[in-house]
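Have a look at the structure below before the remarks.
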Number of protein chains: 2
Amino acid sequence: MNNQPITCSTSRIAGCTFAIYPMTDQFVDVITASLKEVDTSKVWMKTTDVETCVRGRISHVFDVTKALFLHAANTGHHVVFSSTYSIGCPGDSDGDVYLSEDDERLNTKLLKRMSQEVAGKFSLYPLGGGNYMNMIYNQIEEMKLHGIDVSSIHYATRLDGDGEKVFDGLERVFTNMENLKSSHTVMTTTISANSPSKKEKINE
Amino acid sequence: MNNQPITCSTSRIAGCTFAIYPMTDQFVDVITASLKEVDTSKVWMKTTDVETCVRGRISHVFDVTKALFLHAANTGHHVVFSSTYSIGCPGDSDGDVYLSEDDERLNTKLLKRMSQEVAGKFSLYPLGGGNYMNMIYNQIEEMKLHGIDVSSIHYATRLDGDGEKVFDGLERVFTNMENLKSSHTVMTTTISANSPSKKEKINE
């Protein structure tokens, strides 16, 4: 916490529940190393046997999740990040105090050391309104502006390219929804790195 | 395909995009063995480097995803299933021909040989309407009728218990939404088996 002015576009708390799956016998070490290297001090955080939840300002929620995944992927193992980002879910307040953090990101230096191609997908769920499909289509167009490959798949939109750019696109879409005053936005993502079956369709 | 009467409550095609993450160096073998043992002939199916998509009648979509995950978990490795079930998504039709299958499940015998405790979560997203939170709360109550532990967590509902019962509860909730005429329903799940950090809160 500090006394710097709040510059974020929203005063609502964002959150992400996620898990990182390293497909290796050393999966515990990969996750533990990520948690040690990444600075999570500007988010509320809780880990259980099923998932980790981080909550705070949009900027820090994305900074932390991006850094944790890309650090794990940097080990070279096949690693998958599966997440649900959410804002505006009625009735919860744990971690609201983290909204008074400033927007200076804590893991920029760590991320600069990494370069990682990823393949993934995202789905956007604007809840509570009837015009949701147009909101989704508009944000798929937004995603195409971030220097990554964007294509249609069942129930989601596929994303291929540089890991940082993929996360930056996801953050932009999520922030756009907040600026558009979507009352409750959920965005799910799956992002894979170092897959041995990269770009191949195994079974059609 | 066959000529038996259609008894399913819906003529709309359901689908599930999912992945199974075995946290072991033998992850390819675990997945390949599951795909070999489970009968997927009543669903449309496509696997890429990021995920597998199955589409068909609700009964078979759940039969196949349940059997694939529980077979993988039966290896004893720490295995996680991450999925998005969907029905009513505007504008897609691949695999519609599979709706003419009957409701006889193909993996009942295989599932009878397995007993697996799991820990997981689900979130329900009824899209397009303003009354969605009540629909969600009602289906969380439904889940409590299936002999598993149901508890609140951020952005989701936690489920602990027998793997088959967890999947049966998920199928019931998803089918209920269809019977309630929800125009577009999405349900996400994460289900974990054999976690070394079972039931422990690693970091608060």
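A, B, ... follow the sequence lines: proteins, then strands. Residue 1 opens every chain. Please read all numbers here as calculations on a predicted model, not as lab measurements.
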Would B:S82 and A:S82 count as having a side-chain donor-acceptor pair, cut-off 3.5 Å?
-> yes
Among all residues two or more places apart in sequence or in another chain, which pass the side-chain hydrogen bond (donor to acceptor under 3.5 Å, both in side chains) test with A:Q116?
-> A:N194
Quick one: list whatever passes side-chain hydrogen bond (donor to acceptor under 3.5 Å, both in side chains) with B:S86, sequence neighbours left out.
-> none
Find out whether B:I20 and A:Y21 are in side-chain contact, i.e. whether some heavy atom of one side chain is under 4.5 Å from a heavy atom of the other.
-> no
Can you tell me how far the CD1 atom of A:I31 sits from the OG atom of B:S197, to the nearest 0.5 Å?
-> 8.5 Å
Where B:H154 and A:C53 come nearest, the two heavy atoms and their spacing = CB-SG, 3.8 Å
Please flag which part of A:H77 lies under 4.5 Å from any non-hydrogen atom of chain B: side chain, backbone, both or neither.
-> neither
For each of A:G120, A:S123, A:P126, A:G129, tally heavy-atom pairs with chain B at distances under 4.5 Å, and name the one with the top tally.
-> A:G129
Between OG1 on residue A:T17 and NZ on residue B:K121, distance to nearest 0.5 Å | 3.0 Å
To the nearest 0.5 Å, what is the distance between CD1 (A:I136) and CG (B:L127)?
-> 6.5 Å
For the residue pair A:D49 and B:S195, confirm or rule out a side-chain donor-acceptor distance under 3.5 Å.
-> no
How far apart are the closest heavy atoms of B:Y155 and A:G15, and which atoms are they?
-> OH-CA, 3.1 Å
Taking every heavy atom of B:P22 against every heavy atom of A:M23, the minimum-distance pair comes out as O-CG, 3.1 Å
Identify the heavy atoms of B:I153 and A:E51 that sit nearest to each other, and give their distance.
-> CD1-OE2, 3.3 Å
Going by heavy atoms in the side chains, are B:T24 and A:T24 under 4.5 Å from each other?
-> no
Nearest heavy-atom neighbours spanning A:V28 and B:P196 | CG2-CG, 4.4 Å
Give the member of B:T190, B:I191, B:V30, B:V186 that has the highest number of heavy-atom pairs under 4.5 Å with chain A.
-> B:V186
Heavy-atom distances under 4.5 Å only: say whether A:Y132 touches chain B with side chain, backbone, both or neither.
-> side chain
Is it the backbone or the side chain of B:T188 that comes under 4.5 Å from a heavy atom of chain A, or both, or neither?
-> side chain
